[in-house]
Asker: 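Once you've had a glance at the structure underneath, I'll fire off some questions.
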Amino acid sequence: MATRTATQALRRQNFTFAADGSHAACLASCADSGWYVESWRLPQDGTPAAPTALPLPGNRPESPRSQLLPLPDGSVLACRHDGERHDLVRLSYGELATVEQPLGSLRLAGLRLLPLPAATGADPRTPVAVALGSDTRPATTAWLVRTDGSEPERVAEIPGLHGGGTWLDHTGTLLALDRVNAGLVRSVVLDLRTGRTTPLLEIGPQSNDRLVLFDPDSRFAMVRSDAPGTDRLGWGVLGTGEPLRFPECLHVAGMLLRPVALRTAADGPRVAVQIDHGAGSALALWRPSAGRLDPLPVPPGRLGAVGHWGGAGLRLPYSSPDHPAALATLDVDALLAHGPLPAVSGPAPLPLQLAPLASGLPGPWRDTVLPWQPGGVRPVRTEPAGWRLDGSTPPADGGRWQSAQSLELAGPAGPLEAVVYGGDAWLSSPHLVLALHGGPADAWRLEFDPALQRMAAEGLAVVAPNQRGSTGYGVAHALAIRGAWGGPDLEDVLYLLEGIAGQRAALGLEPPALFGVSYGAFLALLAAAHAPVEQVSRCAVVAPFLSGARLLAEAAPPVRALATRLGGDEPIADARGPRDLMQLAHRLGAPLLMVHGSRDEVVPVSQSRTLRHELLRIGRIEGEDFRYVEATGSGHEVLADEGAAVLHELLAAFLRTGRPG
């Protein structure tokens, strides 16, 4: 086996764990490379987890959409999706390079992988995974995947679309799936020996019921159902005849509770519950025997919604603005004994109709798990006993990454959360950037972001708001822009621009700059076109589109389907006029930088090319008024592809100086 060193990954995503907890896998990218696969060895003796890169031969990048399954021998099963073609390959260590072993291809609308609980990796003839495919009939087909080079073996074809996937035994025979039928979701059991399904959960006559976690030994189950009237988490012991219970402590209004790992101890089942609200995550322990959620004092940041709880501890992906994504190992008992994180006083931010952002979490963990500043107080960045983060990449210069906090800013229809770089004096920074996220069904999180980090390192303060349309703040906030792209969200951005620019003008400082990616780029250009000239110093956008209708006319079918579902094709009729950048190009007066990948599979590069031609047609001078940079060979993830470091530097320098040349 080749000896390899850990890589300096700045971005990691799509973490998964081997069924036995011996390994994890993820997609990673460095400062100046495309995506590649990492295999993580997870020692059971408590020593740190260690990542090892599995770059493809010829320095080919891995697709950011690839699904990964780590195997007990350290190799990784990857499923690469290209339209209706899904290629299965096994990546393993070689003496000189990564060994890439094709395992077959399947053609159908969608495919996903589930690890087999009995897989050991010792015998290549033993199945290691189940592939579940869906098509347009609708039907779901199951294949067994082996690593001996044989084609996947089809073992079942069942009517209907099925999601989820929870094993009910240790042998990989009985698989619980979520069947979608007549508008309802019900859990069924697929017997892989016979290819037949039987009902598992039917709690109410018209309820949606899903199995979330299951322990085959105790038959303890966590479920999610709307049978109680609202979507709730519940629990029970299957096969006993006892009714399922839906405790009040597992239902927190406005919060998304995700059971991420289960372990049985002397005091009964223990469930690690991730609690998401807004930009941050909390973690709590739920025990049926205690009947309550006990907060675990993890450092502020964002957890990865997956985990594995074994003898070495609870392992979860974790990231924060000053800690690139890595794997955390938690000693739950030590964290319970630790109590709340300490806090110290600090200076309050400059007034901008600002209020500190409370965590929004009720009860005993309000003051322990999310970053906030009540009365100018916020948690110290300390790692409590029982918490360890392995594999997080430090800066190359040996210093520290720039930190960020979450603040609540006044908006035109209510408060807006923002992730803010620049310390407590961010508003009086010489240069400030208002950064807008993509999506639109997305949000800024309290996690590491290479682009924002590079701006902060350049001395820029960054305000990254989650305006209306962002996820994580309830249904009403997320759906506010359905059928109204550039409507309520644009009003939020213009309101923030007016307030920030006004405060900065009073301090004798230049107005903020605008930055956006994808949908955020579209929104940033709309804001630059509608805001008074004295409120925007410059504008940098990555992969913008011109309007919802123009994107629908040119995008690939999956993008068109998403845009249609979100109402991107519906025009807005109000006093601001059409949200079409071709009709607003003449109002783009601030210095402009546009970046687009030449092989963007989401927003066609023709969108930026068309805007460039329009700017030239109306007399704007390229190199003086604006600059257009086309990244040859890059896709929609242009800021994570090879050469991304150069683009990060270009964007940060432009946002600081405003010089497009």
Side-chain angles (χ1 to χ4, degrees), residues 13 34-35 61 63-66 80-86 107-111 134-136 436-443 469-471 478-487 489-490 515-527 529 540-572 578-585 588 592 594-615 628-641 647:
Q13 65 181 31
W35 294 102
S63 168
R65 297 184 301 278
S66 292
R80 297 169 180 156
H81 309 286
D82 183 9
E84 294 190 350
R85 178 187 173 97
H86 311 277
R107 288 186 176 273
L108 65 170
L111 190 75
S134 58
D135 55 30
T136 56
L436 307 178
H437 65 73
D442 203 348
S470 304
T471 55
L479 297 185
I481 65 167
R482 175 171 288 183
W485 286 15
D489 51 355
L490 177 61
F515 167 74
V517 177
S518 192
Y519 183 91
F522 165 68
L523 189 58
L525 289 170
L526 285 181
V541 293
V542 179
F545 57 87
L546 300 172
S547 70
R550 292 180 188 272
L551 176 63
L552 279 162
E554 296 187 358
V559 179
R560 291 202 302 270
L562 174 63
T564 301
R565 187 165 66 249
L566 296 176
D569 57 339
E570 300 179 28
I572 299 176
R579 282 17 176 223
D580 186 336
L581 291 169
M582 287 297 287
Q583 300 181 50
L584 297 170
L588 295 173
L592 173 64
M594 291 188 294
V595 176
H596 214 127
S598 67
R599 300 183 63 183
D600 193 324
E601 69 285 359
V602 177
V603 178
V605 67
S606 56
Q607 299 279 301
S608 283
R609 292 173 179 172
T610 300
L611 181 56
R612 171 181 175 267
H613 290 314
E614 178 63 13
L615 291 171
Y628 174 60
V629 176
E630 191 167 298
T632 303
S634 290
H636 194 62
E637 291 282 342
V638 63
L639 295 183
D641 288 343
L647 295 179

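Computed from heavy atoms alone, side chains included, the values below leave out hydrogens, waters and symmetry copies. On a predicted model such as this, the values are computed, not experimentally measured, just so you know.
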Asker: To the closest 0.5 Å, what do you measure between CG (Leu546) and CG (Leu526)?
Answerer: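 Output value for this atom pair is 10.0 Å.
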Asker: Please round to the nearest 0.5 Å and tell me the distance separating atom CD1 of Ile481 and atom CG of Asp489.
Answerer: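 So the CD1 of Ile481 and the CG of Asp489 are separated by 4.5 Å.
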Asker: Do the side chain of Trp485 and the main chain of Leu566 share a donor and acceptor less than 3.5 angstrom apart?
Answerer: yes
Asker: Val638 versus Val542: any side-chain heavy-atom pair under 4.5 Å?
Answerer: yes
Asker: For residues Glu630 and Val605, determine if any side-chain heavy atom of one lies less than 4.5 Å from a side-chain heavy atom of the other.
Answerer: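 In contact.
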Asker: Just verifying a value: how many Å separate His437 NE2 and Leu523 CG, rounded to the nearest 0.5 Å?
Answerer: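 Spacing of NE2 (His437) from CG (Leu523) equals 8.5 Å.
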Asker: Take Glu570 and Arg482, measure what salt bridge (charged side-chain N to carboxylate O under 4.0 Å, His left out) needs, and give me the verdict at the end.
Answerer: CA-CA 9 Å; Glu570 300 179 28; Arg482 175 171 288 183; over 6 Å; no
Asker: Holding to side-chain hydrogen bond (donor to acceptor under 3.5 Å, both in side chains), I want the full list of residues that pass it with Gln13, two or more places apart in sequence or in another chain.
Answerer: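 By the side-chain hydrogen bond (donor to acceptor under 3.5 Å, both in side chains) rule, Gln13 matches no residue at all.
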Asker: Between the side chains of Glu554 and Ser606, is a donor N or O closer than 3.5 angstrom to an acceptor N or O?
Answerer: yes
Asker: Distance from Asp600 atom CG to His596 atom NE2, nearest 0.5 Å?
Answerer: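 The CG atom of Asp600 sits 4.0 Å away from the NE2 atom of His596.
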Asker: Just by distance, no angles: are the side chains of Asp442 and Tyr519 close enough, under 3.5 Å, to form a donor-acceptor pair?
Answerer: no
Asker: Any side-chain heavy atom of Pro544 sitting closer than 4.5 Å to one from Val603?
Answerer: no
Asker: Does any non-hydrogen side-chain atom of Leu551 lie less than 4.5 Å from one of Pro604?
Answerer: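 In contact.
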Asker: If I take atom CG from residue Leu647 and atom OG from residue Ser634, how far apart are they, to the nearest 0.5 angstrom?
Answerer: 7.0 Å
Asker: Is Leu490 close to Arg579 at the side-chain level, that is, under 4.5 Å between some pair of heavy atoms?
Answerer: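 A side-chain contact under 4.5 Å exists here.
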Asker: Let me see the working for Glu637 and Arg65 under salt bridge (charged side-chain N to carboxylate O under 4.0 Å, His left out), right down to the final yes or no.
Answerer: CA-CA 11 Å; Glu637 291 282 342; Arg65 297 184 301 278; over 6 Å; no
Asker: Taking Ser598 for the side chain and Gly633 for the main chain, is one N or O donor matched with an acceptor at less than 3.5 Å?
Answerer: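 Side chain of Ser598 to backbone of Gly633: a pair is present.
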Asker: Distance from Arg599 atom CZ to Asp641 atom CG, nearest 0.5 Å?
Answerer: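 Rounded to the nearest 0.5 Å, the CZ-CG separation comes to 10.0 Å.
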Asker: Is there a side-chain contact between Met582 and Arg550, using heavy atoms and a 4.5 Å cut-off?
Answerer: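 In contact.
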Asker: Are His636 and Ser518 side-chain neighbours, meaning at least one heavy-atom pair lies under 4.5 Å?
Answerer: yes
Asker: Any idea which heavy atoms bring Ser608 and Met594 closest together, and the distance?
Answerer: O-CE, 4.1 Å
Asker: Leu584 and Pro578: which non-hydrogen atoms are nearest, and at how many Å?
Answerer: CD1-O, 3.9 Å
Asker: Indicate whether any N or O donor in one side chain lies under 3.5 Å from an N or O acceptor in the other, for His81 and Ser63.
Answerer: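 Side-chain D/A pair, His81 to Ser63: absent.
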Asker: Return the minimal non-hydrogen interatomic distance between Ala480 and Ala484, and the atom names on each side.
Answerer: O-CB, 4.4 Å
Asker: Taking side chain as C-beta onward, heavy atoms only, is Leu525 less than 4.5 Å from Leu611?
Answerer: yes
Asker: Can you classify the ring geometry of Phe545 versus Phe522 as parallel (below 30°), tilted (30 to 60°) or perpendicular (above 60°)?
Answerer: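 It falls in the parallel class, under 30°.
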